[in-house]
Colleague: 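To start, I am sharing the structure in question, which I have written as structure tokens.
Per chain, numbering begins at 1; letters A, B, ... match sequence-line order. Values reported hereafter were calculated over all heavy atoms of this structure, with side chains retained and with hydrogens, waters and symmetry mates removed.
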Amino acid sequence: MPELPEVETTLHGASPTLLHQPLTGVTIRVPKLRLPTPNAANIQGQTVINLERRAKYILAHLSNHTTLLLHLGMSGRLTINKPALEKNDHILLQTPKGTITFTDPRRFGLFLHLPTSQLASHPLLKNLGPEPLGATFTTSYLHQALQKKSTAIKPTLMDNHIVVGVGNIYASESLFRSHIHPQTRAHQLTKSHLNQLIKHIKQTLTDAIKAGGSSLKDFTHSNGQLGYFQSQFNVYGRENQPCHRCQTKIKKITQAQRATFFCPTCQKL
DNA sequence: CTGAGCACCTGAGGGC
DNA sequence: TGCCCTCAGGTGCTCA
């Protein structure tokens with residue numbers, strides 16, 4: 001999937017087609033993604049009055065006090081004005097500016113239609129931690145949040161209760177930049193470690209957003225262009241290749257059933 | 001409450 | 001060519 005930078009890039013890519021536009025055509029071609037999909041008739045004709053991102057969700061607020069909640073899952077993608085309908089094109093949103101197609105082969109994505117007033121208390125949203133790029137994601141917050149966490153820092157960074165939007169790629173990349181070993185127990189990190197970590201999470205995500213998101217197998221910009229942050233990865237996907245900093249071979253391990261990449265020399269336990 | 005493991009699902013790529 | 005295995009960006013549920 002798309003991690004936070006890809007979601008952010010997708011949102012910006014789709015915005016000119018959707019924002020302040022009426023949804024003149026809505027086609028929903030799949031009964032359920034991760035959860036059942038809504039009835040197109042309830043969405044059609046509404047105008048998109050605002051677009052925002054929360055964690056990896058894209059929220060499209062509609063004129064009738066309802067909101068479309070979109071999550072790209074692992075393999076979801078939005079494309080503008082796709083020339084032909086293909087397999088796994090699940091949802092089409094048409095406005096006078098163009099058509100947005102939501103494609104998601106694995107169907108781990110989400111498309112829900114909810115009253116806007118219910119968003120804050122919705123089970124998927126109510127327990128989310130702070131935004132990594134927000135002002136409340138600080139060293140003292142993280143220190144407090146990790147105090148009782150004896151789990152390894154890498155999977156902990158991917159826990160949405162602690163902080164949202166840090167996925168498998170950027171967790172590894174941020175830890176590398178911070179010189180922190182991914183297996184370090186979260187509560188053992190000092191404030192100085194956490195200060196570095198916060199700084200590098202923000203920096204890594206910001207760099208990736210500037211670069212237009214990473215271009216992994218299933219991700220392209222909404223306009224079809226490829227992001228190029230991928231070429232800047234220091235550790236992710238680089239098993240056995242030399243560390244950019246010290247030439248040691250990058251190691252791959254498994255944590256919480258997910259691949260973790262790190263440099264055993266630069267990142268000490 | 002916590003942490004570990006499994007679940008959802010398709011498609012790409014490697015080995016034989 | 002084809003079969004089988006493993007792996008992939010996420011995240012919520014169940015069970016011990």
Colleague: Whom does B/dT10 pair with, Watson-Crick or G-U wobble, provided both distances fall under 3.5 Å?
Modeller: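 Pairing partner: C/dA8.
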Colleague: So which nucleotide from B/dG5, B/dG11, B/dG3 ends up closest to the side chain of A/T151?
Modeller: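 That would be B/dG3.
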Colleague: Mind checking A/K252 for me? I need base, sugar-phosphate or nothing, with any heavy atom below 4.0 Å counting as a touch.
Modeller: sugar-phosphate
Colleague: In sequence, state the C-alpha distance, the side-chain angles, and the governing distance for A/T260 and A/K154, and then conclude on side-chain hydrogen bond (donor to acceptor under 3.5 Å, both in side chains).
Modeller: CA-CA 8 Å; A/T260 299; A/K154 193 265 190 169; 3.1 Å; yes
Colleague: Roughly how many Å apart are C/dT14 and B/dC9, using the P atom of each and rounding to a whole number?
Modeller: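 My reading of the P atoms in B/dC9 and C/dT14 gives 16 Å.
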Colleague: Is it true that A/V30 and A/L112 fall in one hydrophobic cluster, defined by side-chain heavy atoms closer than 4.5 Å?
Modeller: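 Different hydrophobic clusters.
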Colleague: With DNA chain B as reference, determine whether A/K87 or A/K148 sits nearer its 5' end, using the nearest nucleotide of each.
Modeller: A/K148
Colleague: Base, sugar-phosphate or nothing for A/A259? Non-hydrogen atoms, less than 4.0 Å.
Modeller: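 The answer is sugar-phosphate, as A/A259 gets under 4.0 Å only of primed atoms, P, OP1 or OP2.
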Colleague: Look at the side chain of A/R106 and decide which nucleotide, out of C/dG10, C/dA8, B/dA4, has an atom nearest to it.
Modeller: C/dA8
Colleague: With respect to the phosphate group of C/dG10, does any side-chain polar atom (N or O) of A/H71 fall under 4.0 Å of OP1 or OP2?
Modeller: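 For A/H71, the contact criterion (side-chain N or O under 4.0 Å from OP1 or OP2 of C/dG10) is not met.
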Colleague: Rounded off to whole Å, could you give me the CZ-to-P distance for the A/F261 and C/dA8 pair?
Modeller: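 Interatomic distance, CZ of A/F261 to P of C/dA8: 7 Å.
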Colleague: Watson-Crick or G-U wobble partner for B/dC1, using a 3.5 Å limit on both distances?
Modeller: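 Result: none.
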Colleague: Round to a whole Å and report the spacing from NE2 of A/H161 to P of C/dT11.
Modeller: 12 Å
Colleague: Checking contacts here: which listed nucleotide (C/dG10, C/dG12, C/dA8) is nearest the side-chain heavy atoms of A/Y57?
Modeller: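 Taking heavy atoms from C-beta onward, the closest nucleotide is C/dG12.
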Colleague: Is it true that, when you exclude A/R185 itself, more than 12 heavy atoms of the residues, nucleotides or ligands shown sit nearer than 6.0 Å to its CZ?
Modeller: no
Colleague: Testing the 3.5 Å rule here: is there a donor-acceptor pair between the side chains of A/H143 and A/S140?
Modeller: no
Colleague: Taking 5.5 Å and 30° as the limits, would you call A/F108 and the base of B/dC8 a stacked pair?
Modeller: yes
Colleague: If Ile, Leu, Val, Met, Phe, Trp and Tyr residues are connected whenever their side-chain heavy atoms lie under 4.5 Å apart, and connections chain through other members, are A/F233 and A/I253 in the same group?
Modeller: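 No, A/F233 and A/I253 fall in different hydrophobic clusters.
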Colleague: What integer distance in Å separates A/M74:CE from B/dA7:C1'?
Modeller: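 Taking CE of A/M74 and C1' of B/dA7, I get 12 Å after rounding.
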Colleague: How many whole angstroms separate atom CG of A/L157 from atom P of C/dT11?
Modeller: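 So the CG-P distance, A/L157 to C/dT11, works out to 14 Å.
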Colleague: Among the nucleotides B/dG5, B/dC9, C/dG12, which one has an atom lying closest to any side-chain atom of A/Q257?
Modeller: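 Output: B/dG5.
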Colleague: C/dG10 phosphate, OP1 or OP2: any side-chain N/O from A/K56 under 4.0 angstrom?
Modeller: yes
Colleague: Rounded to the nearest Å, what distance is computed from the NE2 atom of residue A/H122 to the P atom of nucleotide C/dT11?
Modeller: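 Those two atoms, NE2 and P, are 15 Å apart.
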Colleague: Check every atom of B/dT10, C/dA8, C/dT11 against the side chain of A/N88 and return the nucleotide holding the closest atom.
Modeller: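 When the side chain of A/N88 is considered, B/dT10 is the closest of B/dT10, C/dA8, C/dT11.
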Colleague: Can you tell me the distance, in whole Å, between the CG atom of A/L110 and the C1' atom of B/dA7?
Modeller: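 Between C1' of B/dA7 and CG of A/L110: 16 Å.
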Colleague: Rounded off to whole Å, could you give me the CG-to-P distance for the A/L33 and B/dC9 pair?
Modeller: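 Taking atom P of B/dC9 as the reference, CG of A/L33 is at 11 Å.
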Colleague: Given the rule in the side-chain hydrogen bond (donor to acceptor under 3.5 Å, both in side chains) test, do A/H12 and A/S15 qualify, once you have shown the distances and angles that lead to the verdict?
Modeller: CA-CA 5 Å; A/H12 287 140; A/S15 181; over 6 Å; no
Colleague: Rounded off to whole Å, could you give me the NZ-to-C1' distance for the A/K126 and C/dT11 pair?
Modeller: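 Taking NZ of A/K126 and C1' of C/dT11, I get 16 Å after rounding.
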